[in-house]
Amino acid sequence: MSNTSLSSFIWAVADLLRGDYKQSDYGKVILPFTVLRRLDCVLAPTKDQVLAELAAKQKLGVNPAPFLQRITGLAFHNQSPLDLKKLLGDPGNVAQNLFSYIQGFSAEVRDIFEHFEFQPQIERLSRAGLLYQVTEKFCQIDLHPGVVSNADMGTVFEELIRKFAELSNETAGEHFTPREVIRLMVNLLFVEDDAVLAKPGVVRTLYDPTAGTGGMLSVAGEYLHEHNPQASLAVYGQELNPESYAICKADMLIKGQDVANIVFGNTLSDDGHPGRHFDYMLSNPPFGVEWKKVEKEVRREHEAQGFAGRFGPGLPRVSDGSMLFLLHLISKMRPAAEGGSRFGIVLNGSPLFTGGAGSGESEIRRYVLENDLLEAIVGLPTDMFYNTGIATYVWIISNRKPEARRGKVQLIDASGLWQKMRKSLGSKRKELSDAHIERITRLFGDFVEAEEDGKPISRIFDNQAFGYHSITVERPLRGDDGQIVLGQKGKQKGKPHPDPKLRDTENVPLAEDVADYFRREVLPHAPDAWIDPDKTKVGYEIPFNRHFYVFKPPRPLAEIDAELKQTTDWILEMIKGLSA
C-alpha cells in the first residue's frame with residue numbers, strides 16, 4: 001500500500017467521526033490510534049511467546065520485563081493477553097478492555113499515550129457509540145514494518161499532521177520538515193566524514209532540539225545505515241508539541257533507540273540535555289516566532305551565566321527566536337579537542353542581515369564568524385516548506401573545519417535548483433530531486449567556486465569579508481552667525497560641538513583602513529567632519545543575494561527609441577482608423 005493510499009485509508013476514519021467531532025479534533029483520535037495499531041502490529045509476531053514467558057517468570061516471582069523485551073527484540077513490550085483484534089470479540093466492553101490493553105504496555109509506551117491525552121478520547125468515543133467502529137476500522141490495516149517501512153510510516157504521520165494542521169488553522173511547518181530537505185541537510189552533514197563513518201563499529205551521536213515527529217533523526221539514521229550497516233547512531237531530541245513528541249517517541253521506540261533520550265519540553269527555557277555534547281546536530285526551528293513566553297528564563301541565563309551558558313554572544317529581538325536555537329546548538333558542540341561537531345540548521349533570511357552593529361543578531365553573527373564556525377550557507381528555493389513560501393537557508397556550522405575551509409565561508413545559491421510538484425501541499429509547490437541534492441552536495445564537498453548558465457552558484461569568501469566597522473561621522477554645530485560652536489569646559493573645551501542633525505554613520509569593511517576610507521569617501525564631501533571613536537562598533541552581516549546578483553545592462557537607447565516609435569506609429573494609425 002502506498003503512502004498516499006495508506007494515509008487516505010486512515011483519513012477515511014474521519015467519516016465515522018463527522019458530526020460527533022469537529023474537523024479540528026479528528027487528529028486527537030486518528031493519530032494515537034495509528035500509533036497504537038503500529039505498536040500492535042509490531043508486537044503481533046511475538047505475542048504468544050511473550051505471554052508464555054510472562055506466565056513462566058510470574059511463577060518464579062521474577063521481574064519479567066527484561067525477558068519479554070529480549071523476546072520482542074525491542075525496547076518495549078505488552079503484558080496484556082489482549083490485542084486490538086481480540087478487543088472486538090467483546091463489543092460491550094471495548095473501552096474497559098482498551099484501557100487494560102494500553103496499561104499492559106511498558107512505561108515508555110504509556111507515556112506516549114498520556115501525551116496524546118488518549119484516555120479522554122476513548123471515553124468520548126465510547127459515549128458516542130463510535131469506539132467499536134473506529135477500533136474495527138484500524139484493525140483492517142496491517143502496519144507491521146515488513147508491510148509499511150519505518151520511513152513510509154514517518155511520511156504517513158507527516159501527511160496526517162499536515163492535514164489536521166490545515167483543518168485546525170495551525171502551522172504544519174512547526175511539526176516537520178520536507179523529507180528531501182532533510183536528505184540534503186544530512187548529506188551536507190556527513191559528506192566530509194564519509195571515510196570515518198565507513199569504519200566498522202563506529203558510534204556517533206545526533207541531536208535535534210526541535211525534533212517534531214523525528215523526521216531528521218530518522219533520515220540521518222537511514223543514511224548512516226545505508227553507508228555503513230555496522231555503524232551505530234544514538235539519537236537525542238527535544239520537542240514542545242505533545243502530539244509530535246508522542247509520535248517521535250513511538251517512532252524511535254520501534255527503531256530500537258533509547259527513548260529516554262527524547263525529552264518533552266521547551267528547549268530554550270528548559271534544556272532537556274544539560275551538559276551533554278553531540279557529534280552531529282540538525283534543526284528546523286520555527287521561523288519568525290517570538291520568544292516572549294520564555295524571555296524571562298532566557299535573559300536570566302544570558303545575564304547570569306554569560307558565555308558559560310548558552311546565550312553568551314547576544315540575544316536577538318523578541319519577535320524571532322530562531323537565532324537562539326543557533327546559539328543553543330553551538331553550546332552543544334563537542335569540543336574540538338574531543339573530535340568536534342558539525343550541525344545544520346534551517347533559518348529564514350532575517351538572521352543573515354537583521355540588526356546593525358552592536359545588536360544581538362550582529363553579535364551572534366560576529367561570534368560565529370570570528371570563531372571560524374561557519375562552513376557554508378545554502379540558499380534554498382522559495383515554496384519549499386508547507387507553511388511558508390519565503391526564502392530559506394541551510395547553515396552548516398562546525399568547530400572542526402578541514403584545513404582548506406579554515407577562515408573561509410562558502411555560499412551556495414541553490415534557489416534555481418528545483419522541480420515543480422505534481423500537487424501542491426499547503427505552501428509547498430517545489431521540491432528537490434535526487435539530482436538537485438547530489439549537485440548541491442557535490443558543490444559543498446568539492447569546496448569550489450562555480451557558475452551555472454553564466455551565473456555564480458557557489459562562491460567562497462574570507463570570514464572577514466562579512467564584517468565592518470560602523471563609524472559615526474560628526475559635523476560641527478554652527479551658531480546663528482555661522483560660526484562653529486566650541487565647548488567651554490571639560491574634555492570638550494575648545495573642541496567643536498557636534499550637530500545631532502548632521503550626524504551620520506558609515507560602514508567600513510573590516511579589511512579596509514578606517515582612516516583611509518574616511519579621507520577618500522567622507523572628507524571630499526564634508527571637509528569639517530570627524531569620526532567619534534567612542535561610537536565605533538564592529539558589525540557583521542551576510543548579504544547573501546547581493547553576492548549572487550548579476551548585472552544586466554539596459555538595452556541600447558536606439559533600440560528602445562525605435563520600439564517606442566513603432567508603438568507610437570501603431571497608436572496613431574489606430575486613431576486615424578477610428579476617426580475615418
Side-chain angles (χ1 to χ4, degrees), residues 158 161-162 165-166 168-178 181-182 184-185 208-213 215-216 238-241 244 265-269 281-299 302 310-311 313-330 343-356 359-365 367-368 374 377-397 414-415 424-430 539-546:
E158 291 175 356
I161 285 179
R162 185 190 64 77
E166 285 178 356
S168 58
N169 242 349
E170 291 179 5
T171 49
E174 289 184 7
H175 300 283
F176 57 90
T177 310
V181 174
I182 302 176
L184 170 65
M185 293 176 71
D208 182 351
T210 53
T213 57
M216 287 190 168
Q238 186 160 353
E239 174 54 35
L240 179 60
N241 178 279
S244 297
N266 191 307
T267 303
L268 298 180
S269 60
M281 293 171 277
L282 289 165
S283 179
N284 175 21
F287 300 149
V289 175
E290 66 172 30
W291 49 282
K292 198 163 189 64
K293 288 181 182 177
V294 295
E295 183 177 5
K296 186 177 178 182
E297 293 88 345
V298 170
R299 289 198 183 279
H302 170 69
R310 295 175 293 167
F311 310 119
L315 300 179
R317 62 201 65 197
V318 177
S319 58
D320 187 354
S322 57
M323 292 187 88
L324 293 176
F325 287 98
L326 175 68
L327 290 177
H328 171 78
L329 289 172
I330 289 172
F343 71 80
I345 182 170
V346 183
L347 299 170
N348 62 13
S350 178
L352 293 169
F353 52 80
T354 297
S359 68
E361 292 89 351
S362 178
E363 287 299 289
I364 294 168
R365 289 189 292 267
Y367 181 84
V368 169
L374 181 59
I377 297 176
V378 179
L380 297 178
T382 56
D383 302 320
M384 284 293 294
F385 289 80
Y386 302 96
N387 66 322
T388 180
I390 63 172
T392 51
Y393 302 82
V394 176
W395 294 40
I396 303 298
I397 305 285
S415 60
S424 297
L425 296 173
S427 296
K428 182 173 174 58
R429 299 176 181 84
K430 299 174 185 175
Y540 279 84
E541 66 174 10
I542 305 171
F544 189 96
N545 293 334
R546 190 194 306 165

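What you see is a predicted model, and the numbers here were worked out from it, not measured in a lab.
- The CD1 atom of I542 sits 5.5 Å away from the CG atom of L352 when rounded to the nearest 0.5 Å.
- At a threshold of 4.5 Å between non-hydrogen side-chain atoms, the residues I330 and Y367 count as touching.
- Distance CG/N348 to OG1/T392: 8.5 Å, rounded to 0.5 Å.
- Salt-bridge formation is not detected for the pair E541/R365: no Lys NZ or Arg NE/NH1/NH2 atom is positioned less than 4.0 Å from an Asp or Glu carboxylate oxygen.
- Contact record, W291 with G321: CD1-CA, 3.3 Å, taken as the closest heavy-atom pair.
- Inter-residue side-chain proximity for R429 and S424 is flagged as met; some heavy-atom pair is nearer than 4.5 Å.
- Here the OH atom belonging to Y393 is positioned 8.0 Å from the OG atom belonging to S415, to the nearest 0.5 angstrom.
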**Request:** For T382 and I390, run side chain to side chain contact (heavy atoms under 4.5 Å, CB included): C-alpha distance rounded to whole Å, both residues' side-chain angles, the deciding distance at 0.1 Å, then the answer.
**Result:** CA-CA 5 Å; T382 56; I390 63 172; over 6 Å; no
**Request:** Could you give me the CA-CA distance, side-chain angles and deciding distance for R546 and F353, then say whether side chain to side chain contact (heavy atoms under 4.5 Å, CB included) is met?
**Result:** CA-CA 12 Å; R546 190 194 306 165; F353 52 80; over 6 Å; no
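- Looking only at side-chain heavy atoms (C-beta outward), T388 and S427 stay at 4.5 Å or farther from each other.
- K428 places a side-chain N or O within 3.5 Å of a backbone atom of K430 that can act as its donor or acceptor partner.
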**Message:** Set out, in order, the CA-CA distance, both residues' side-chain angles and the distance that settles side chain to side chain contact (heavy atoms under 4.5 Å, CB included) for R317 and T354, then state yes or no.
**Reply:** CA-CA 9 Å; R317 62 201 65 197; T354 297; 3.4 Å; yes
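- Residue P316 comes nearest to M323 through the heavy atom pair CG-CB, 4.2 Å, listed as atom of the first residue, atom of the second, then distance.
- Between H328 and T267 the shortest side-chain heavy-atom distance falls below 4.5 Å.
- Of the possible donor and acceptor atoms, none in the side chain of E361 sits under 3.5 Å from a partner among the backbone N and O of G355.
- Interatomic distance, OG of S359 versus CG of L315, reported as 11.0 Å (0.5 Å rounding).
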**Asked** What do the steps show when you test L327 against R310 for side chain to side chain contact (heavy atoms under 4.5 Å, CB included), and what is the final call?
**Response** CA-CA 6 Å; L327 290 177; R310 295 175 293 167; 5.6 Å; no
**Asked** side-chain hydrogen bond (donor to acceptor under 3.5 Å, both in side chains) between S322 and D320: does it pass, once the steps are laid out?
**Response** CA-CA 6 Å; S322 57; D320 187 354; 3.1 Å; yes
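- For the pair L329 and P209, the minimum side-chain heavy-atom distance is below 4.5 Å.
- Closest of all the heavy-atom pairs between W395 and L326 is CZ3-CD2, 4.3 Å.
- Looking only at side-chain heavy atoms (C-beta outward), I345 and V394 stay at 4.5 Å or farther from each other.
- Taking every heavy atom of both residues into account, P285 and V346 meet most closely at CD-O, 3.4 Å.
- Considering CZ of F343 and CE of M185, their distance stands at 10.0 Å, rounded to 0.5 Å.
- Between S362 and G539, the shortest heavy-atom contact is OG-CA, 3.3 Å.
- Once rounded to the nearest 0.5 Å, the distance linking CD of Q238 with OG1 of T210 reads 10.0 Å.
- H302 and G314 make their closest contact through CE1-CA, 4.0 Å (heavy atoms, listed as atom of the first residue, atom of the second, distance).
- Ring centers of F287 and F385: under 6.0 Å apart, within the cut-off.
- Using a distance-only test at 3.5 Å, with no hydrogens or angles considered, no donor-acceptor pair links the side chain of E290 to the main chain of K292.
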